[in-house]
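Keep in mind that this is a model prediction, so the values were computed, not measured. Atom set for the values below is all heavy atoms of this structure, side chains included, hydrogens, waters and symmetry mates excluded.
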Amino acid sequence: MLIPHDTRIALDIVVELVNTAPETDHPEGGPSDGLDGIEALYRFARRHRISGVAELGEKDLRAVHDVRSRFAEIFAAPDAETAAGLVNSLVASAGTTPQLSNHDGYEWHVHYFAPDASIADHLAADCGMALAFIVVAGEQERLRRCEAPDCRDAFVDLSRNRSRRYCSSRTCGNRLHVAAYRARRREAAG
């Protein structure tokens, strides 16, 4: 599956944003909110080089939390039709205004947000369109949650055969493979 560079960047932003949410369904309560204040939102915007971010306030933080929840709903959508409806609603609410841009040393790419859009509308428009690209390509099942029992992080499975099960093969995948190996060894020894 060929994904344009700016779409890949937007998908990475979606994944990180969704993964900042506290895990309310985790047996032990899960980690706290990764966007728990204005400073955390500024750090997120700087880390992802989100252009046009001006002064941020509580209203922006609440709006980004809302967008984050809507992205999480798209990851949880049971089918492409449901995902498409959620993406359409999200993108429409952002006042999408496609325009070509080549700012800050980047080659020409499409921005879907209106000039001077809020950070929430920026994320909803650009990242929503990246999710739309996935749905249009018939690849909605690539929007996944980690299958490790103690992790529910979101990720986009870009493996060739759609076989990725864990958010990270180095952490969750390796931990579960080692645990399974040790269990087999105990069983063989016992």
Side-chain angles (χ1 to χ4, degrees), residues 1-21 23 25-26 34-35 44-45 47-51 64-101 106-114 117 119-177:
M1 181 166 128
L2 182 64
I3 298 177
H5 179 70
D6 53 330
T7 301
R8 177 61 193 259
I9 290 170
L11 290 171
D12 290 344
I13 292 171
V14 170
V15 165
E16 185 175 335
L17 182 60
V18 168
N19 290 339
T20 64
E23 292 184 43
D25 61 344
H26 192 277
L35 285 180
F44 182 87
R47 187 169 47 257
H48 291 288
R49 301 173 72 185
I50 297 173
S51 61
V64 169
H65 283 174
D66 178 59
V67 168
R68 177 179 68 185
S69 295
R70 295 175 80 181
F71 285 151
E73 289 177 26
I74 295 166
F75 271 79
D79 53 51
E81 188 158 337
T82 304
L86 293 167
V87 169
N88 285 341
S89 174
L90 176 69
V91 170
S93 72
T96 310
T97 309
Q99 57 187 314
L100 291 171
S101 179
Y106 292 107
E107 297 294 323
W108 286 105
H109 59 283
V110 179
H111 280 202
Y112 294 97
F113 55 92
I119 187 170
D121 285 345
H122 178 136
L123 292 168
D126 267 8
C127 297
M129 289 305 297
L131 292 169
F133 176 84
I134 296 294
V135 174
V136 165
E139 303 287 350
Q140 183 257 338
E141 71 276 1
R142 290 183 182 271
L143 305 176
R144 298 200 174 151
R145 292 289 187 155
C146 184
E147 292 182 20
D150 59 342
C151 180
R152 294 295 303 144
D153 279 357
F155 66 94
V156 179
D157 178 5
L158 297 178
S159 67
R160 190 176 295 238
N161 62 359
R162 298 178 193 96
S163 63
R164 189 168 154 200
R165 297 175 49 210
Y166 307 110
C167 63
S168 169
S169 59
R170 288 184 178 168
T171 54
C172 290
N174 189 50
R175 188 177 64 249
L176 288 174
H177 288 108

If you take all heavy atoms of [X] and [Y], which pair is closest and at what distance?
| X | Y | answer |
| --- | --- | --- |
| Phe75 | Arg145 | CB-NE, 4.5 Å |
| Phe155 | Tyr166 | CE2-C, 3.7 Å |
| Arg144 | Asp157 | NH1-OD2, 2.7 Å |
| Ala120 | Val67 | O-CG2, 3.7 Å |
| Val91 | Ala124 | CG2-O, 4.0 Å |
| Val14 | Cys127 | CG2-CB, 3.2 Å |

Exercise. Determine the interplanar angle of the Phe113 and His122 rings, folded into 0 to 90°, and report it as parallel if under 30°, tilted if 30 to 60°, perpendicular if over 60°.
Key: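 Judged by the thresholds at 30° and 60°, the geometry between Phe113 and His122 is parallel.
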Mind checking the [atom1]-[atom2] spacing from [X] to [Y]? Nearest 0.5 Å is all I need.
| X | Y | atom1 | atom2 | result |
| --- | --- | --- | --- | --- |
| Asp12 | Leu17 | CG | CG | 12.5 Å |
| Asn19 | Cys151 | CG | SG | 7.5 Å |
| Ile74 | Leu86 | CD1 | CG | 5.5 Å |
| Glu147 | Cys172 | CD | SG | 11.0 Å |
| Met129 | Asp6 | CE | CG | 11.0 Å |
| Arg164 | Arg142 | CZ | CZ | 11.0 Å |

Are any non-hydrogen side-chain atoms of [X] and [Y] less than 4.5 angstrom apart?
| X | Y | value |
| --- | --- | --- |
| Ile134 | Ile3 | yes |
| Ile13 | Phe44 | yes |
| Glu107 | His5 | no |
| Leu158 | Arg8 | yes |
| Ile9 | Asp126 | no |
| Phe133 | Leu11 | no |

Quiz item: Can you list the residues that meet the side-chain contact (heavy atoms from CB on, under 4.5 Å) rule with Val110, with sequence neighbours excluded?
Solution: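 Per chain and number, Val110 pairs via side-chain contact (heavy atoms from CB on, under 4.5 Å) with Pro98, Leu100, Tyr112.
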Does [X] [atom1] have over 12 foreign heavy atoms under 6.0 Å away?
| X | atom1 | result |
| --- | --- | --- |
| Arg162 | CZ | yes |
| Gln99 | CD | yes |
| Glu141 | CD | yes |

Quiz item: Can you list every salt bridge (Lys or Arg N to Asp or Glu O under 4.0 Å) pair that touches residues 67-79, not counting sequence neighbours?
Solution: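 Every salt bridge (Lys or Arg N to Asp or Glu O under 4.0 Å) pair that includes a residue of residues 67-79, provided the two are not neighbours, is Asp33-Arg68.
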Exercise. List for me each residue that meets side chain to side chain donor-acceptor pair (under 3.5 Å) alongside Arg160, sequence neighbours excluded, and say none if there are none.
Key: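 If we apply the side chain to side chain donor-acceptor pair (under 3.5 Å) test to Arg160, skipping adjacent residues, there are no hits.
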